[in-house]
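Data block below; observations after.
All of these numbers come straight from a predicted model, not from anything done at the bench. If you read the sequence from its start, that first residue is 1, and numbering goes on from there. Whatever order the structure lists ligands and atoms in, that order sets their numbers, starting from 1.
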Amino acid sequence: MTKRNVGNRQKRLPVSVVTGGAGFLGSHLVDLLLARGHRVVAIDNFVTGTVDNIAHLAGHRRFRFIQQDVTEFIFLNEPVDYVWHFASPASPVDYLELPIQTLKVGSLGTHKALGLAKHKGARFLLASTSEVYGDPLVHPQTEDYWGNVNAIGPRGCYDESKRFAEALTMAYHQEHGVATRIARIFNTYGPRMRLQDGRVVPAFIGQALKHRPMTVFGDGRQTRSFCYCADLVEGIYRLMLSAHAQPVNLGNPHEITVAEFAEEIRRLTRSRSRLVFRPLPQDDPRQRQPDITRARRWLKWAPRVGLPEGLAATIADFKKRVSAGGV
Ligand code: UDP
């Protein structure tokens with residue numbers, strides 16, 4: 001970068017590109033970046049994202065949307081400071097339906113997003129996942145655990161595409177000197193999750209609000225740890241601004257069984273639903289809890305929003321959308 005460019009960069013507003021910017025997490029990140037003074041270009045092909053998530057930004061001076069598949073060449077005729085690569089199906093139901101698109105966005109899409117960052121001299125952050133740990137044999141999961149993944153199982157398309165994306169990100173860092181960051185995101189929930197995306201939060205809330213049976217898979221003793229979206233994007237932002245190229249777990253370490261989670265949602269919605277047990281999907285991880293020591297130390301970050309508070313906001317959003325006839 002020339003001295004002149006550095007000078008220009010200091011004067012103008014930071015420019016961020018968010019792939020998957022119309023998705024659940026991508027759109028929350030867009031909101032946070034706009035609130036922190038960035039110009040934001042969101043890119044999405046609406047495969048799992050939706051225009052509803054960004055409709056409130058129509059006409060915003062610092063926001064621009066491009067409808068594009070990020071596996072195609074990304075052309076932007078302007079400076080870029082940060083590339084946040086969030087495009088990907090992320091629900092097991094979605095990536096089971098879209099295995100090739102999932103593999104393509106994790107591989108070709110990550111390649112294009114990294115290429116953009118390299119060309120523009122921008123920082124790059126990969127939205128990776130706790131799925132890189134597979135069905136973990138180490139608990140809680142630390143970043144130096146290599147994982148237990150079935151490459152050819154039903155989750156393989158997602159897990160391996162994200163593992164490949166991490167490898168490619170590290171290669172761009174080492175070979176091309178791109179300033180890269182890798183966030184390993186654990187289960188996150190909040191307003192704007194698709195009502196029908198198949199993940200446990202929308203499934204249970206939707207069922208509870210309609211007083212329909214709540215479908216607990218397996219015996220419900222498998223565990224997850226749920227992080228509220230506002231906490232998560234704050235961690236993402238801090239990671240991008242940090243100096244750490246090594247992966248960082250981001251999630252809420254509060255671990256709960258799926259059956260307890262169903263009970264909690266039933267209580268908060270005052271639902272008359274009963275729990276019904278359905279077969280556990282193949283390769284469904286038995287336990288998951290992030291070790292966030294690294295995030296605490298490096299980013300001075302920890303989640304603040306507890307489950308009752310986060311779920312109350314999520315349930316309110318779901319109620320609004322259900323009564324508006326959303327699916
Ligand atoms: N699950 C469930 N009922 C549902 C949907 C999911 O019991 O209707 C379980 C699922 O088997 C898993 C956990 O909830 O053990 C979290 O599932 P999700 O699809 O949200 O994401 P995952 O953490 O498995 O990627």
For atom 23 (O) of ligand 1, what's the nearest protein heavy-atom neighbour? Residue, atom name and distance, please. Arg224 NE, 2.6 Å

What residues form a side-chain contact (heavy atoms from CB on, under 4.5 Å) with Ser27, not counting sequence neighbours? Asn53, Ile54, Arg192

What is the closest protein heavy atom to atom 24 (O) of ligand 1, and at what distance does it sit? Arg155 NH2, 2.8 Å

In terms of residue, atom name and distance, what is the protein heavy atom nearest to atom 18 (P) of ligand 1? Val200 N, 3.7 Å

Geometric N/O contact Asp284 with ligand 1, under 3.5 angstrom: yes

In terms of residue, atom name and distance, what is the protein heavy atom nearest to atom 3 (N) of ligand 1? Thr215 O, 2.5 Å

Face-on cation placement of Arg36 at Tyr237 ring, 6.0 Å and 45° thresholds: yes

Please write down residue, atom name and distance for the protein heavy atom closest to atom 13 (C) of ligand 1. Val258 CG2, 3.8 Å

Output yes when the distance from some N or O of ligand 1 to some N or O of Asn187 is under 3.5 Å, and no in every other case. yes

Quick check: does Gln207 get an N/O under 3.5 Å from an N/O on ligand 1? no

Contacts of Ser225 that satisfy side-chain contact (heavy atoms from CB on, under 4.5 Å) - sequence neighbours left out: Glu255, Gln289, Pro290

Salt bridge or not for Asp219 and Arg286, using N-O below 4.0 Å? no

For atom 7 (O) of ligand 1, the protein heavy atom that lies nearest, with its residue and separation: Phe217 N, 2.7 Å

